[in-house]
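In what follows, a single structure is set out as structure tokens and then discussed.
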Amino acid sequence: MKILVVGSGGREHALAWQLARGGHVVLVAPGNPGIEAVAACVAVATDDLDGLVALATARAVDLVVVGPEAPLCAGLADRLRAAGVPTFGPGAAGAALEGSKAFSKQLFARAGIRTAAFEVCATVDEADLAIARLLDRDGVVVKADGLAAGKGVVVAADAAVARAAARDMLGGRFGAAGARLVIEQRLRGREVSVLALTDGERLEVLAPAEDHKTLHDGDLGPNTGGMGTVSPAWIDDATLARVTDEVLAPTLAGLAAEGIDYRGVLYAGLMIDEGGAPWLLEYNCRMGDPETQPVMARLRGDLGAVLHGAATGALPAGALSWDPRAAVCVVVAAAGYPGTPRTGDPIGGLAAAGDVPDVVVFHAGPARRGDAVVSAGGRVLGVTALGADVDEARARAYAAVERIELPGKQFRTDIGLRGRAR
Ligand code: AMP
Ligand code: GLY
């Protein structure tokens with residue numbers, strides 16, 4: 001097949017790499033210089049919906065795979081399907097699972113899915129009342145309704161912090177994304193993500209991967225887009241089965257009841273309580289970044305055929321399997337990340353890093369300057385390694401990270417160690 005991947009980060013590099021391994025011809029828009037090793041990059045931006053539809057039709061692609069949430073929420077998949085192009089990714093109505101927390105929480109409640117008690121508010125007075133009702137000794141959580149680049153959630157220990165967050169968001173900190181808020185009860189438990197592919201009826205649950213969200217070792221420091229991932233994750237088969245039966249399947253039923261034909265990724269952010277029951281925090285409507293990198297490294301089977309099946313309402317059963325080895329992805333970030341990352345630093349040592357056995361370096365934020373490759377974003381590389389176990393995968397990933405030359409590079413040294421003796 002000829003497959004167009006939309007996006008330009010490490011997730012899209014990992015997807016393009018796996019699709020190319022399956023023998024498909026891969027185009028990526030806009031891509032990045034690292035992705036050119038496995039695919040043809042075409043300079044059409046992810047917010048240029050007209051340009052992307054024109055590209056897909058002009059090149060007669062068999063499938064479009066949309067990486068990021070913003071074009072999905074803007075209706076790219078609807079536009080492509082209307083032009084007759086099979087597309088992996090929900091339309092705008094389905095993408096509202098990620099694009100509107102008020103919509104998604106209301107859907108969870110209607111579908112009978114376990115989720116934190118919540119209220120939707122549009123004014124400071126409503127927010128103050130909701131905070132007073134939902135605050136308990138664990139605190140309360142204040143969320144902007146819309147997309148806020150991962151910064152729209154404040155887990156508040158007390159009412160003062162919650163009220164300040166509500167004023168900040170309603171006052172325009174995230175623009176229209178903060179015009180409505182979801183205020184919810186704070187849950188306790190262990191967090192996990194579960195990702196599944198769906199054609200709207202059937203589900204194919206992906207190998208679990210665990211993210212490390214903060215900048216520094218020990219889960220300290222500011223939040224980031226994700227500093228590294230390990231797959232498999234701690235979740236056991238029994239919990240995964242409960243998530244499938246009690247969360248994912250009812251979500252599909254709830255979407256169908258709304259008349260939404262959802263073809264793409266359901267990425268559930270969950271809290272597992274002491275009794276092992278899953279509580280649904282939120283959905284993303286796309287794959288995780290950097291969760292995708294170790295999952296693609298472990299994937300066996302024809303990803304292109306499976307995504308095409310999901311896009312056309314015929315997801316094949318059991319077409320994917322997983323390398324029993326572990327995979328670890330260590331993100332190498334630019335100096336200054338996650339505040340204002342410094343760009344334009346030369347990236348060296350890529351070939352040497354790639355020479356470490358079972359390592360692949362996915363590129364998240366590079367640019368070309370003359371003959372050189374320089375940093376162009378916060379997260380620059382996702383150094384991904386397979387190993388017989390997590391220790392071996394870690395050893396290989398970190399051996400490769402040591403070979404990367406990037407002035408001021410930042411990375412965590414404890415990816416994959418969480419919950420284990422150090
Ligand atoms: P979300 O974007 O909804 O996943 O929220 C981001 C993060 O905030 C989650 O990964 C959790 O760590 C935390 N969070 C969100 N909702 C809750 C909740 N109701 N109780 C406790 N923590 C939460
Ligand atoms: N790694 C978190 C995300 O993709 O949202």
Side-chain angles (χ1 to χ4, degrees), residues 7 9-12 14-15 67-70 72-73 97-105 108-109 113-119 130-131 134-157 161-162 165 169 174 177-178 181-195 206 208-215 219 222-231 233 247 265-273 278-296 329 331 333 338 362 364 378-379 382 412 415:
R11 167 182 50 208
E12 288 76 23
L15 287 167
E69 63 278 14
L72 291 169
C73 291
L97 270 192
E98 176 165 358
S100 167
K101 290 192 187 314
F103 166 80
S104 59
K105 288 287 291 191
F108 306 164
I113 299 168
R114 220 180 273 103
T115 194
F118 71 101
E119 292 183 32
I131 288 164
L134 291 163
L135 178 82
D136 62 20
R137 38 187 194 94
D138 288 328
V140 67
V141 182
V142 179
K143 301 183 175 184
D145 177 50
L147 294 179
K151 301 192 176 85
V153 175
V154 173
V155 179
V161 173
M169 292 179 192
F174 303 118
L181 306 180
V182 170
I183 313 271
E184 67 182 42
Q185 178 197 15
R186 180 172 183 195
L187 300 174
R188 293 284 188 185
R190 186 159 184 193
E191 274 190 70
V192 69
S193 304
V194 175
L195 284 84
L206 299 180
E210 188 166 332
D211 198 1
H212 298 65
K213 297 284 293 180
T214 66
L215 185 65
D219 294 329
N223 258 322
T224 73
M227 290 299 288
T229 33
V230 55
S231 177
V247 177
V265 174
L266 282 175
Y267 168 157
L270 302 147
M271 193 78 93
I272 310 298
D273 73 15
W279 293 72
L280 181 55
L281 295 178
E282 61 146 14
Y283 271 117
N284 294 319
C285 63
R286 39 123 190 128
M287 292 196 198
D289 190 346
E291 286 91 334
T292 303
Q293 288 81 326
V295 171
M296 289 300 123
C329 169
V331 169
F362 294 122
R379 292 184 294 174
R412 278 177 64 154
I415 303 303

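All values below were derived from every heavy atom in this structure, side-chain atoms included, with hydrogens, water molecules and symmetry-related copies excluded. Whatever order the structure lists ligands and atoms in, that order sets their numbers, starting from 1.
Atoms of ligand 1 found under 4.0 Å from any heavy atom of Lys143, numbered from 1 in the order shown, are 3 (O), 15 (C), 16 (N). Interface atoms of ligand 2 facing Lys213, defined by a heavy-atom separation under 4.0 Å, are 2 (C). Atoms of ligand 1 lying under 4.0 Å from at least one heavy atom of Arg186, given by number and element, are 20 (N), 21 (C). Per-residue contacts place Gly225 under 4.0 angstrom from the following atoms of ligand 2 (heavy atoms of the residue considered): 1 (N), 2 (C). Near Glu191, with a cut-off below 4.0 Å to any heavy atom, the atoms of ligand 1 are 9 (C), 10 (O), 11 (C), 12 (O). Each of the following atoms of ligand 1 lies closer than 4.0 Å to a heavy atom of Met271: 21 (C), 22 (N). If you number the atoms of ligand 2 from 1 as listed, the ones under 4.0 Å from a heavy atom of Asn284 come out as 5 (O). The atoms of ligand 2 that sit less than 4.0 Å from any heavy atom of Glu291 are 1 (N), 2 (C), 4 (O).
The heavy-atom pair separating Gly99 from Cys73 by the smallest distance is CA-SG, 3.9 Å. Taking each heavy atom of Ile183 and Val140 in turn, the nearest pair found is CG2-CG2, 3.9 Å.
At least one heavy atom of Pro290 sits closer than 4.0 Å to an atom of ligand 2. At least one heavy atom of Gly288 sits closer than 4.0 Å to an atom of ligand 2. Not a single heavy atom of Lys213 sits less than 4.0 Å from an atom of ligand 1. Under a 4.0 Å heavy-atom criterion, Arg188 is not in contact with ligand 1.
With distances taken over non-hydrogen atoms, the option nearest atom 1 (N) of ligand 2 out of Asp211, Thr229, Leu195, Val331 is Asp211.
From the protein, the heavy atom lying nearest to atom 2 (O) of ligand 1 is Glu282 OE1, 2.9 Å. If you check which protein heavy atom lies closest to atom 13 (C) of ligand 1, you get Val155 CG2, 3.8 Å. Arg286 NH2, 3.0 Å is the protein heavy atom nearest to atom 5 (O) of ligand 2. In this structure, atom 7 (C) of ligand 1 lies nearest to the protein heavy atom Val153 CG1, 4.3 Å.
Among Glu119, Lys143, Lys101, the single residue meeting the side chain to side chain contact (heavy atoms under 4.5 Å, CB included) criterion with Glu184 is Lys143. Among the candidates Glu282, Arg286, Glu291, the single residue satisfying the side-chain hydrogen bond (donor to acceptor under 3.5 Å, both in side chains) test with Tyr267 is Glu291.
Interatomic distance, CD of Glu12 versus CG of Asp289, reported as 6.5 Å (0.5 Å rounding).
Counting heavy atoms under 4.0 Å from ligand 2, residue Arg11 does not touch it at all. Only the backbone of Gln185 comes within contact range of ligand 1, with a heavy atom under 4.0 Å; no side-chain atom does.
Side-chain N or O atoms of Ser231 include one that pairs as donor or acceptor with a backbone N or O of Pro208 at under 3.5 Å.
Residue contacts with ligand 1: Leu187 is placed with a nitrogen or oxygen under 3.5 Å of a nitrogen or oxygen of the ligand (distance criterion only).
Using modelled atom types, one finds a donor on one side chain and an acceptor on the other under 3.5 Å when comparing Ser100 with Asp145. Remark: the Lys213 side chain and the Thr224 side chain contain no N/O donor-acceptor pair separated by less than 3.5 Å.
By the 4.0 Å N-to-carboxylate-O rule, Asp219 lies close enough to Arg412 to be salt-bridged with it.
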